[in-house]
Novice: 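My questions all concern the structure below.
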There are 2 protein chains.
Amino acid sequence: MENTQYNGRQRATTAEQSAAGHGAAAAPPDPARRQQTATERRRRELLEAADRVVLRDGPDASMNAIAAEAGITKPILYRHFGDKGGLYRALAVRHTDALLDGLRAALDSPVPRRDRVEATLDTYLAAIETRPQVYRFLMHPADEKPDEKPGADKDAGFDVGRHSAPLLRRLGEELAEVIGERLDLGPGGEELARVWGHGIVGMMHAAGDWWLRERPCSRAQLVQHLADLLWGRLAAAGDRLGGPGF
Amino acid sequence: MENTQYNGRQRATTAEQSAAGHGAAAAPPDPARRQQTATERRRRELLEAADRVVLRDGPDASMNAIAAEAGITKPILYRHFGDKGGLYRALAVRHTDALLDGLRAALDSPVPRRDRVEATLDTYLAAIETRPQVYRFLMHPADEKPDEKPGADKDAGFDVGRHSAPLLRRLGEELAEVIGERLDLGPGGEELARVWGHGIVGMMHAAGDWWLRERPCSRAQLVQHLADLLWGRLAAAGDRLGGPGF
DNA sequence: GACTCTTGTTACCGCAAGTAACACTCGCAC
DNA sequence: GTGCGAGTGTTACTTGCGGTAACAAGAGTC
């Protein structure tokens with residue numbers, strides 16, 4: 001009976017099997033398939049509710065709150081997503097997919113490489129700039145914000161940090177792939193591309209995070225600075241005073 | 001009475017005041033000062049116990065577990081560190097300080113810049129390689145590890161991710177400072193140095209994280225690859241096929 | 001001996017994650 | 001119609017964690 005496992009995928013699979021089971025792949029009605037799409041639609045609605053609540057409350061969003069926003073109660077959330085991590089993951093892939101679409105577009109634009117790199121950086125930074133709440137939710141664990149009456153505990157909150165690494169890793173892998181297929185890096189280029197993919201993503205992320213918090217300069221300027229860094233200006237810069245070995 | 005605030009610093013301050021209060025700055029005994037050092041020693045012992053438990057249990061370390069390891073109970077942990085975040089922060093600065101010492105040494109070595117950069121990268125990577133548990137604790141939110149009987153909840157755990165960003169930011173600031181004071185970057189160099197500091201730290205972190213997990217190459221090779229990236233090899237590499245604007 | 005300060009305890013609160021068990025409502029078979 | 005399987009939804013509960021209040025005991029001070 002598998003009664004300890006609730007999740008959408010499990011049920012969807014069952015539905016598909018039964019659909020394939022009684023042979024008919026009839027076009028218009030097909031109850032099983034219709035049921036499946038209904039489930040998926042519900043799932044999307046729930047995800048949108050979760051999105052709203054996360055955007056509003058930041059990472060201090062409890063399952064109860066999300067369920068309330070969706071107009072239902074906790075257990076059905078658990079039926080759909082298994083656990084909080086499942087919900088989070090579903091939410092995350094939505095946003096990451098959207099971000100990745102933008103990045104791929106920038107990465108594929110038919111302009112010189114430097115411009116392409118700048119466009120990619122700018123796309124990422126624009127994304128985190130225009131939707132900082134989403135960004136914080138995805139990447140950031142509720143940095144201490146000094147509100148909330150002392151009675152309420154400021155703990156809990158989505159366990160977010162626990163999943164930021166996977167996101168960065170996914171971005172890194174994607175970038176690595178693009179680098180690998182577009183640049184001729186000689187022998188061992190595969191490996192090099194992967195290192196660079198992850199490295200560049202990390203650079204973008206850390207710099208973006210800091211920038212978003214301190215806003216020390218314009219976005220365009222940040223893009224220039226980072227592109228300069230990638231273009232080897234670190235190697236080219238002059239020393240300031242001259243220690244022993246310069 | 002200030003009964004809602006317990007922490008070592010508060011009490012230490014009080015002790016100092018009373019010491020100054022009744023005048024005597026007597027050298028050998030001085031009860032207040034002795035008390036203070038005793039408190040600090042106790043604090044260190046607690047931190048070491050916490051360290052042990054974190055190293056053993058990974059980030060799923062509860063306050064109860066830490067207290068048990070230290071041979072005491074929760075409330076005194078709270079008296080010393082205020083809340084879990086406080087304990088974490090104390091633990092974190094210990095380790096970050098140690099790491100920073102190593103990095104500063106590498107950054108200050110009297111060799112050509114490329115070698116210095118490589119030494120810095122290697123120092124960081126060596127640190128996370130030799131103490132991955134510490135690293136995971138500091139930076140990483142308990143990536144799903146598929147153990148633990150399903151009865152035990154795999155949630156909670158140190159809230160770790162919630163503080164990884166501050167650590168990276170601190171590293172970034174430190175690196176920025178060194179860059180700023182050693183390189184001549186022309187007008188606006190301050191800002192540039194900060195961007196680079198955070199960017200490089202992010203690069204190091206993300207690449208290191210990925211490398212630690214997949215071990216796709218030797219440490220030395222990773223260092224080379226990253227240094228190459230910083231040295232502008234991305235700009236110099238040849239295209240593979242030639243899209244429109246290459 | 002009384003006073004204070006620190007260390008330590010037990011026993012509790014509040015809260016969030018996650019579950020069990022039960023109730024309603026369709027659409028479909030016979 | 002009646003039965004029934006699958007989904008949706010509920011209330012009420014357990015467990016475990018962070019955090020705190022209230023109290024008890026040892027050590028130095030007057």
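Below, all heavy atoms of this structure are taken into account, side chains as well, without hydrogens, waters or symmetry copies. To find a chain, count down the sequence lines: A is the first, B the second, and so on, and within it residues start at 1. Treat the numbers as computed from the prediction; the structure is a model and nothing was measured.
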Novice: For a side chain to side chain contact (heavy atoms under 4.5 Å, CB included) check, start with the C-alpha distance between W196(B) and M203(B), then their side-chain angles and the critical distance, and finish with the verdict.
Specialist: CA-CA 10 Å; W196(B) 287 6; M203(B) 183 197 81; over 6 Å; no

Novice: Could you give the CD-to-C1' distance, from E45(A) to dT8(D), as a whole number of Å?
Specialist: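 Rounded to the whole Å, the gap is 12 Å.
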
Novice: Is a side-chain N or O of H80(B) found less than 3.5 angstrom from the main chain of I76(B), in a donor-acceptor match?
Specialist: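 Such a contact is absent between H80(B) side chain and I76(B) backbone.
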
Novice: Can you confirm whether R52(A) is buried at CZ, in the sense that more than 12 heavy atoms of other residues, nucleotides or ligands lie under 6.0 Å from that atom?
Specialist: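 Check passes, neighbour count above 12.
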
Novice: What is the distance, rounded to the nearest whole Å, between atom OH of Y88(B) and atom P of dC17(D)?
Specialist: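 One finds 20 Å between P of dC17(D) and OH of Y88(B), rounded.
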
Novice: What nucleotide, of dT8(D), dG19(D), dA17(C), holds the atom closest to the side chain of S62(A)?
Specialist: dA17(C)

Novice: Figure out the CZ/C1' separation between R42(A) and dG7(D), and round it to whole Å.
Specialist: 11 Å

Novice: What is the separation between atom CG on D83(B) and atom P on dG14(C), rounded to the nearest whole Å?
Specialist: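 Whole-Å distance recorded here is 20 Å.
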
Novice: Answer yes or no: does a side-chain N or O of R41(B) lie under 4.0 Å from OP1 or OP2 of dT7(C)?
Specialist: no

Novice: Nearest whole Å is fine: how far is dA16(C) C1' from K84(B) NZ?
Specialist: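 It works out to 13 Å between those atoms.
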
Novice: Indicate the ring-plane relationship of H198(B) and W210(A), choosing parallel, tilted or perpendicular according to the 30° and 60° boundaries.
Specialist: parallel

Novice: Tell me the interatomic distance from Y78(B), atom OH, to dG19(D), atom P, rounded to whole angstroms.
Specialist: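 Whole-Å distance recorded here is 4 Å.
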
Novice: Round to the nearest Å and state the distance from L87(A) atom CG to dG18(C) atom P.
Specialist: 10 Å

Novice: Just how far, in rounded Å, is P of dT19(C) from CE of M63(A)?
Specialist: 10 Å

Novice: Should R43(A) and E40(A) count as an ion pair when the cut-off is N to O under 4.0 Å?
Specialist: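 Result for this pair is no, no salt bridge flagged.
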
Novice: Taking only residues two or more places apart in sequence, or in another chain, which ones meet E214(B) in a salt bridge (charged side-chain N to carboxylate O under 4.0 Å, His left out)?
Specialist: R194(A)

Novice: Heavy atoms from C-beta onward define the side chain here; which of dG18(C), dT8(D), dG18(D) lies closest to that of H80(A)?
Specialist: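 Output: dT8(D).
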
Novice: Could you list, one pair per line, each protein nitrogen or oxygen that sits under 3.5 Å from a nitrogen or oxygen of nucleotides 10-12 of chain D, together with the distance?
Specialist:
| unit_1 | atom_1 | unit_2 | atom_2 | d |
| --- | --- | --- | --- | --- |
| dT10(D) | OP2 | T73(A) | N | 2.7 |
| dT10(D) | OP2 | T73(A) | OG1 | 2.2 |

Novice: Rounded to the nearest 0.5 Å, how far does CG of L222(B) lie from CD of E129(B)?
Specialist: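 Reported value, rounded in 0.5 Å steps: 10.0 Å.
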
